[in-house]
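Values below: every heavy atom of this structure, side chains too, minus hydrogens, waters and symmetry copies. Here is how names work: the chains are called A, B, and so on, in the same order as the sequence lines, proteins then strands, and each is numbered from 1.
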There are 2 protein chains.
Amino acid sequence: MDLENAKAQMRKGVLEMCVLAVVAERETYPPEIIERLESVNLPMKEGTLYPLLVRLKSDGLVDYVWREGIKGPPRKYFAITEDGRAFLGELAASWRELVSAVDRTLALPSSRQAPSPGDPPPLLHIEPQQPFDDERS
Amino acid sequence: MDLENAKAQMRKGVLEMCVLAVVAERETYPPEIIERLESVNLPMKEGTLYPLLVRLKSDGLVDYVWREGIKGPPRKYFAITEDGRAFLGELAASWRELVSAVDRTLALPSSRQAPSPGDPPPLLHIEPQQPFDDERS
DNA sequence: ACAAGTACTTTGCATTACAAGGTAATCGTT
DNA sequence: AACGATTACCTTGTAATGCAAAGTACTTGT
C-alpha cells in the first residue's frame, strides 16, 4: 500500500466536482481543463476526462459546441448548464460536510500527534478494557 | 447521476484514513469502528471494513489480538502500529493538501454563487473568445 | 505528399465499496 | 441439553471509475 495510491483514491471522489467547477468558470476545452487542474495540483488524465465529460453531458450538467481553434483540429468547448450549476452547488455542500466529518475524525485524541520517540509504546499493551456503553448486559 | 452516488465516491478515498484514525484513538473492534464512523456521518459497511482491516494488517499498519467480550463471541481488537501512525500522518498531510486544492478550484470565479434568477444566461452564448496564453504562434 | 502536432475516443485492467450470504461462538429460554 | 436469537467475523460477485495505452482524425508546415 503506497501513499501515492491512497492519494489517488482520495482524488477520485472529487474529480467530477472539480471538472464541473472548472467548466463553470467559463467555456473551456479538455486540454485546458487538464492544465487548470494540474495548476492546482489535481492531476487528471485524458482517459479519465473524456468519459467523464460524456457522463456529465448525458446527464445534462454540461453542454458543448464545436469551435475552430487558431491552429489544429476543432475543439469541443464545454460550458455548464443551469442544472449543472445547481448540482455543483449540492456537490460543494456535500464536500464541505465531508471535510468537516473527516476533520472531526482526525481530531480524535491520539490520532493527532506524530509518533514521538520516548512515548509509551501504545501497541496492544493496553490493559483489558472496561466496556462502557454498548454492552447492555 | 445522483448526488448520493457522488457523495459515496467522495467518501471512498478517505475511508482508509478514517479507519486508521479511529484505530489510532484506542483499541477497538470492527462493530465499534462502524459505530464511531457513523456517529460522525461517515457510514461504512461490514463488507467494506473487514477486507480493509485485512489490508491494513498485512501492510503492518495495524495489529490485533483476540479478546473475550462480556457476551457474544470473541472479538478482534485492533490497535495502530508505529508504522501505521507514521502513515496516518502522511495521509492526513495529503488530505489537507487535497482540501486546499479543491477549495482553490471551487473558489474559481463563477463557480461560486448559486444560480440567481435574472442572471444573463451563461450557457454557450459567449462570444468567440480571444485565446490568451496557450496558443503560442 | 508526408511528418508533426493537436484533439478527441476507445479498450482493457486494477482498485475498491458494497450487497448478500455464510460460518461460528455465546446467551437466554424452555 | 436443545434451539433460536444475538453477535462477530469472513467471503463472493457486482458495479463504478481512474488510468495506461493505443487508435482515429483534422490541421499545419516543409
*A/Gly72 vs B/Gly47, nearer the 5' end of DNA chain C by closest nucleotide*: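 Looking at the nearest nucleotide for each, A/Gly72 comes out on the 5' side.
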Any side-chain N or O of [X] under 4.0 Å from OP1/OP2 of [N]?
X       : N      : answer
A/Tyr50 : C/dT10 : no
A/Arg55 : D/dG18 : yes
A/Lys71 : C/dA7  : no
A/Arg75 : D/dA25 : no
B/Asn5  : D/dT17 : yes

Value in whole Å for how far the [atom2] atom of [N] lies from [atom1] of [X]:
X       : N      : atom1 : atom2 : value
B/Leu15 : C/dC18 : CG    : P     : 6 Å
B/Arg67 : D/dT7  : CZ    : C1'   : 18 Å
A/Lys57 : C/dC8  : NZ    : P     : 15 Å
B/Leu98 : D/dG18 : CG    : P     : 13 Å
A/Lys7  : C/dT16 : NZ    : P     : 16 Å
B/Trp66 : C/dT26 : CH2   : C1'   : 14 Å
A/Asp59 : D/dT17 : CG    : P     : 10 Å
B/Glu16 : C/dC18 : CD    : P     : 14 Å

*Answer yes or no on whether A/Lys76 is positioned over the face of A/Tyr64, meaning its NZ or CZ is under 6.0 Å from the six-membered ring centre and within 45° of the axis.*
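Here A/Lys76 passes the 6.0 Å and 45° test against A/Tyr64.
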*Indicate, with a heavy-atom threshold strictly under 4.0 Å, whether A/Gln9 touches base, sugar-phosphate, or nothing.*
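Touches sugar-phosphate only.
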*Sugar-phosphate only, base, or nothing, as touched by A/Lys12 at under 4.0 Å among non-hydrogen atoms*: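 Touches a base.
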*asked:* Can you work out whether A/Pro51 or A/Pro74 has the more 5'-proximal nearest nucleotide on DNA chain D?
replied: A/Pro51
*Nearest to the side chain of A/Thr48, which nucleotide is it out of C/dT26, D/dC19, C/dA17?*
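Looking only at side-chain atoms, A/Thr48 lies closest to D/dC19.
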*Closest listed nucleotide, where the reference is the side chain of B/Pro73 and the choices are C/dC8, D/dT28, D/dA8*: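 The nucleotide sitting nearest to the side chain is D/dA8.
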*Any N or O donor-acceptor pair linking the side chain of B/Glu46 to the base of C/dC18 at under 3.5 Å?*
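Check fails, no donor-acceptor contact within cut-off.
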*Determine the sole option in A/Thr81, A/Leu61, A/Ile80, A/Leu56 for which the side-chain contact (heavy atoms from CB on, under 4.5 Å) test with A/Phe87 is passed.*
A/Leu61
*Only one of A/Leu37, A/Leu91, A/Val23 passes side-chain contact (heavy atoms from CB on, under 4.5 Å) with A/Cys18; say which it is.*
A/Leu37
_Straight-line distance of B/Arg11 CZ to A/Ser94 OG, nearest 0.5 Å_ =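 B/Arg11 atom CZ to A/Ser94 atom OG measures 9.0 Å (nearest 0.5 Å).
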*What is the minimum heavy-atom distance between A/Glu38 and A/Pro43, and which atoms define it?*
CG-CA, 4.0 Å
